[in-house]
Amino acid sequence: MIHINQLLNQTVSGTQHLDLSGKISKLLKQLGITPNLKGYLYLRQAIEIGVRDPSVFDGITKRLYPHIAEQNHTTSTSVERTIRHAIDTVWSKGNKELFWSITQTCTMERPTNSQFIIQLAEYFTEY
């Protein structure tokens, strides 16, 4: 099995490292969240914002979701729902083992939206 760091350090052209957004995209795909899901875009944005400004996690439903909703011309409720659906996809037919290896947990319960976003943002912060 390929280690997650090897997976994320692969280069686009062989010489350039992927930017943060690209690394997040690659990880989401490896988890089983495909780009055709709206939750994919919202998760990528949430994780990227969280890496750059962890204070948004003090109010995910009051700050982060409304910000993403505004950027995408939708509602906070829609952002929350589509992120939940994307996480459900990982838990039903995606790569839970990869998530567990990243977060160093092995819980059978699906993480909440907040837990999922925060844990992946922390991973990229440490990365």
Inset, instruction - Give the intermediate values and the outcome of side-chain contact (heavy atoms from CB on, under 4.5 Å) for residues Leu31 and Leu120. - result: CA-CA 11 Å; Leu31 287 169; Leu120 292 184; 4.1 Å; yes
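- Partners of Ser55 by side chain to side chain donor-acceptor pair (under 3.5 Å), not counting sequence neighbours, listed by chain and number: Asp53.
- Under the ring-ring contact (aromatic ring centres under 6.0 Å, His included) criterion, Tyr42 pairs with no residue at all, not counting sequence neighbours.
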Inset, instruction - Evaluate side-chain contact (heavy atoms from CB on, under 4.5 Å) for Trp100 paired with Met108, printing each intermediate quantity in order. - result: CA-CA 10 Å; Trp100 292 333; Met108 296 308 286; 3.8 Å; yes
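- Pairing each heavy atom of Ser76 with each of Ala69, the nearest pair is N-CB, 3.6 Å.
- With a 4.5 Å cut-off on side-chain heavy atoms, Asn113 and Ile60 do not count as touching.
- Ile68 contributes atom CD1, which lies 10.5 Å from atom CD of Glu48 (distance to the nearest 0.5 angstrom).
- Between Phe99 and Gln119 the shortest heavy-atom distance is CZ-OE1, 3.1 Å.
- Considering every non-hydrogen atom in both Ile33 and Ala86, the closest pair reads CG1-O, 3.7 Å.
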Inset, instruction - Please assess Phe116 against Leu43 for the test side-chain contact (heavy atoms from CB on, under 4.5 Å), listing each intermediate value before the final yes or no. - result: CA-CA 9 Å; Phe116 192 87; Leu43 273 169; 3.9 Å; yes
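- Annotation: side chain of Ile117 is in contact with side chain of Phe57 (closest heavy-atom distance under 4.5 Å).
- Applying the side chain to side chain donor-acceptor pair (under 3.5 Å) test to Asn36 and every residue at least two apart in sequence or in another chain returns Thr34.
- For the residue pair Tyr40 and Ser25, a side-chain donor N or O sits within less than 3.5 Å of a side-chain acceptor on the partner.
- Closest approach of Leu27 to Leu98, counting heavy atoms only: CD1-CD2, 3.8 Å.
- Here the CG atom belonging to Leu28 is positioned 12.0 Å from the CG atom belonging to Asn95, to the nearest 0.5 angstrom.
- In plain terms, the two heavy atoms of Pro111 and Gln115 that are nearest each other are CA-OE1, 3.3 Å.
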Can you give me every donor-acceptor pair (side chain of residues 78-85, partner residue at least two apart or in another chain, under 3.5 Å) with its distance?
| unit_1 | atom_1 | unit_2 | atom_2 | d |
| --- | --- | --- | --- | --- |
| Ser78 | OG | Thr74 | OG1 | 3.3 |
| Thr82 | OG1 | Ser78 | O | 2.9 |
| Thr82 | OG1 | Val79 | O | 3.2 |

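- For Gln71, the side chain to side chain donor-acceptor pair (under 3.5 Å) criterion is met by His67, not counting sequence neighbours.
- In this structure, the separation between OG on Ser101 and OH on Tyr123 is 8.0 Å, given to the nearest 0.5 Å.
- A search for side chain to side chain donor-acceptor pair (under 3.5 Å) contacts involving Thr103 returns Thr105, not counting sequence neighbours.
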Legend entry - Audit row: Asp88, Arg110, salt bridge (Lys or Arg N to Asp or Glu O under 4.0 Å) steps and yes/no: CA-CA 7 Å; Asp88 285 340; Arg110 181 185 85 63; 2.7 Å; yes
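- The NZ atom of Lys23 sits 14.0 Å away from atom CD1 of Ile47, with the distance rounded to the nearest 0.5 Å.
- Contact check for Glu122 versus Val51: no side-chain heavy atoms found under the 4.5 Å cut-off.
- Applying the 6.0 Å contact sphere to NZ of Lys96 captures more than 12 heavy atoms from other residues, nucleotides or ligands.
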